[in-house]
Amino acid sequence: MASPATVELSRWQFAITAVFHMTFPALTVGLSILLAVVYTAYLRTRNPLYLQMFRFWRKIFAVGFGLGVVAGTVMTFEFGLNWGSYAHAVGPILGVTIGMEVITAFFLEAGFIGIMLYGEGRVRPRTMAFASWMVAFGTLLSTTWILSANSWMQDPAGYTEVAGQFQARDWWQVLFNPAFSYRFPHMLLAVLISAAWFVGAIAAWYLVRQRSLPFARRTLSLALGVLAVLMPVQLYAGDETAGFMGQHQPAKLEAFEGNWKTDNNGYNLVVVPDPGKGKDNLRIEIPHLGAVIGKDLTGQAHVPGLLRTPPDQRPNMWSAFYGFRAMYFTALTMFAMAFAGLVLRLRGRLFTARRFHRLMVWMAPAGLVAITGGWITAETGRQPWVVYGRIRTSDAVSHLSTAEAALSLAGFVTVYAVLVAVWVRYIVRTVKAGPEAIHG
């Protein structure tokens with residue numbers, strides 16, 4: 001078994017690489033659909049404004065897509081290098097699932113992305129539109145397979161264990177395990193909302209600067225329209241996911257509610273937990289709200305506490321509690337902003353409300369913050385298990401020395417920090433340059 005220090009370093013390394021990788025699909029899945037929609041609109045209307053939108057967002061999509069593919073490939077190698085015991089145990093299950101992503105999603109994207117990026121003027125517009133939709137379909141397929149694999153780790157189903165390995169007994173149950181039906185729509189909505197929010201924030205920046213106004217107005221309208229439809233659906237999907245998780249992973253629910261004893265009906269806004277003593281040193285709560293959120297309208301039901309779970313099976317309350325609140329309160333703020341945008345639209349002030357535009361610019365990363373918070377909640381909340389109820393994280397790490405784990409972690413942090421800086425700089429330069437002029 002690896003040393004506790006090696007386990008901790010390996011966990012940090014995977015967390016950092018996963019967050020880095022997740023940032024790009026969070027934007028590119030939604031951007032790919034936006035590109036397909038606006039090019040189809042151009043094909044039908046021949047309005048040059050849609051072509052201007054397609055060319056501008058294509059630049060940001062292309063770089064994010066490339067970085068996302070590279071980051072995902074790194075994680076695949078990491079399974080074998082840092083998590084060898086885990087890879088040996090789940091290889092017959094997750095190797096096939098990830099292989100399906102490569103065969104279906106990557107092949108589809110690789111086959112058509114060249115046409116979408118470089119085919120304009122070389123192929124017919126209908127072919128451009130078809131290629132754009134195929135790339136969008138590929139990103140959706142990729143999301144499907146990755147969520148299927150991750151959901152199986154959260155709620156393993158359809159398998160038998162043979163000589164320390166998981167082998168599929170029923171592939172339908174493996175791929176479409178019970179957690180998948182809740183987590184897939186929740187995550188898909190999250191990436192679409194993140195992309196719409198990011199696009200809307202950049203459009204708001206142009207409105208603040210009074211530049212490229214037709215482009216900015218059409219883009220902001222499209223983004224806020226998507227948000228107005230998807231945000232209420234996402235709040236419902238998130239609540240359903242939390243309800244499912246409370247039944248299948250009760251310790252996670254207990255951790256992100258922030259209670260130790262089952263004697264509180266309030267909703268905790270701030271806690272300072274002391275895991276060693278099994279109590280909160282500080283707790284700021286709204287009385288009765290926790291019970292109401294738990295669907296007890298009398299406000300009297302007690303919210304489950306973490307002391308109900310044996311000590312060796314408890315997740316870290318700090319990360320689960322604050323990860324959930326980062327996701328939840330950021331999502332509520334985005335919902336309020338989307339509603340405000342709808343009201344401004346109905347009053348005919350959407351394109352002149354300067355304070356609203358500035359606030360949107362400042363909140364440009366809100367979608368990514370919400371997704372990262374949700375991921376922290378989901379992944380740290382199921383600890384100490386890497387495959388829930390079956391393999392502990394401490395048993396899944398490769399037999400590396402602490403020095404080797406520390407060296408690889410330092411290398412990834414350095415490389416990824418440089419890549420993030422370059423990526424942000426590219427986006428800033430692209431946005432400052434603005435969409436190219438279209439004459440039609």
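Across His302 and Thr262, no two heavy atoms sit closer than the pair ND1-O, 3.5 Å. Considering all non-hydrogen atoms of both residues, Ile371 and Ser194 come closest at CD1-OG, 3.1 Å. Closest approach of Trp197 to Met363, counting heavy atoms only: NE1-O, 2.6 Å. Of all heavy-atom pairs spanning Phe321 and Phe256, the tightest one is CD1-O, 3.4 Å. Nearest heavy atoms, Leu43 versus Pro125: CD1-CB, 3.5 Å.
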Quick one: do Phe130 and Phe112 satisfy ring pair (Phe, Tyr, Trp, His ring centres under 6.0 Å)? Show the steps, please. CA-CA 9 Å; Phe130 180 73; Phe112 289 98; 5.6 Å; yes
Would Tyr416 and Phe20 count as a ring pair (Phe, Tyr, Trp, His ring centres under 6.0 Å) if you check the C-alpha gap in whole Å, the side-chain angles of each, and the deciding distance to 0.1 Å? CA-CA 7 Å; Tyr416 280 10; Phe20 180 82; 4.0 Å; yes
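Less than 6.0 angstrom separates the ring centroid of Trp172 from the ring centroid of Phe176.
Salt bridge Lys261/Asp280: absent, no basic N to carboxylate O contact under 4.0 Å. Ionic pairing of Arg392 and Asp312 is present here: one or more N-O contacts between side-chain nitrogen and carboxylate oxygen are shorter than 4.0 angstrom.
Ring pair Tyr328/Phe324 is parallel by interplanar angle, where below 30° counts as parallel and above 60° as perpendicular. In this pair, Phe180 and Phe184 present their aromatic rings parallel. The plane angle is below 30°, not in the 30 to 60° band.
Put simply, the side chain of Ser408 gets close to the backbone of Ala405: a donor and an acceptor are under 3.5 Å apart. The backbone N or O of Thr144 sits nowhere less than 3.5 Å from a side-chain atom of Ser148 that would complete a donor-acceptor pair. Listed for the Asn177 side chain is a donor-acceptor partner under 3.5 Å among the backbone atoms of Val174.
Using a 4.5 Å heavy-atom cutoff, the side chains of Glu8 and Arg11 are in contact. Between Arg55 and Glu120 the shortest side-chain heavy-atom distance falls below 4.5 Å. The shortest distance between side-chain heavy atoms of Val29 and Phe61 does not fall below 4.5 Å.
For the pair Arg58 and Phe56, the cation-pi test (distance below 6.0 Å, angle within 45°) is failed.
Other residues, nucleotides and ligands contribute over 12 non-hydrogen atoms within 6.0 Å of the CZ atom of Phe65.
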